[in-house]
Amino acid sequence: MTWSPRPPAGVGPISRRSSPGAALPGFLGAVAVLGLTAIGDRRGVGAPAATGAGLLATAACVLTGASVGALAARPFLKATGWSVTALVTGALLALVTTGSPAKHALTALVTGSRTTTAQLPWLACAGAVVLAAATAALACRATARLE
């Protein structure tokens, strides 16, 4: 029997990416949107429109954050220090960069709040879905190359 640095398949801790806790940020964001819509001052915007805009913005932000997190982890960055640095920098850039789906969604919410109209961030949500799919494909390809 030869020594292997990897445990056999099916042995070891469950990966965080496949655990039920991976959906926690999206769930908490949805609960926050629904709670704030129920008790908040919507300034003339109907509850369904405000809820829809908030849930789409939450989805865009969660998917953009998941993409940043996937790019700041293995197999792209192996050292923990660099991963944390890249994650913090990527999260900041996701909120302030012009082409970011998260910034577009939050801008739509703020603009809607100022003008008392609910602007549904469909484009931001679609962009976040495309970004997440591209990041997942890239991560799968990079992981396959390592093995």
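The two atoms that bring Phe76 and Ala139 nearest to each other are CZ-CA, 3.8 Å, heavy atoms only. Here the shortest heavy-atom pairing between Pro121 and Ala57 reads CG-N, 3.9 Å.
Among residues two or more places apart in sequence or in another chain, the side-chain hydrogen bond (donor to acceptor under 3.5 Å, both in side chains) test is passed with Thr115 by Thr117.
If you take CG on Leu109 and NE2 on His104, they are separated by 10.0 Å, rounding to the nearest 0.5 Å. With rounding to the nearest 0.5 Å, the separation of NZ in Lys78 from OG in Ser83 is 10.5 Å. Atoms CG and OG1, from Leu63 and Thr135 in turn, are 10.0 Å apart once rounded to the nearest 0.5 Å. Here SG of Cys140 is found 13.5 Å from CZ of Arg145. Values are rounded to the nearest 0.5 Å.
Under the 4.5 Å side-chain criterion, counting only non-hydrogen atoms from C-beta, Cys61 is in contact with Leu106. Within the 4.5 Å cutoff, the side chain of Leu71 has no heavy atoms near those of the Leu77 side chain.
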Residues 86-99 side chain polar contacts: donor-acceptor under 3.5 Å, at least two apart:
| residue | atom | partner | partner atom | Å |
| --- | --- | --- | --- | --- |
| Thr89 | OG1 | Thr85 | O | 2.9 |
| Thr97 | OG1 | Leu93 | O | 2.5 |

Solution key, residues 126-133 side-chain donor-acceptor pairs under 3.5 Å, sequence neighbours excluded:
none

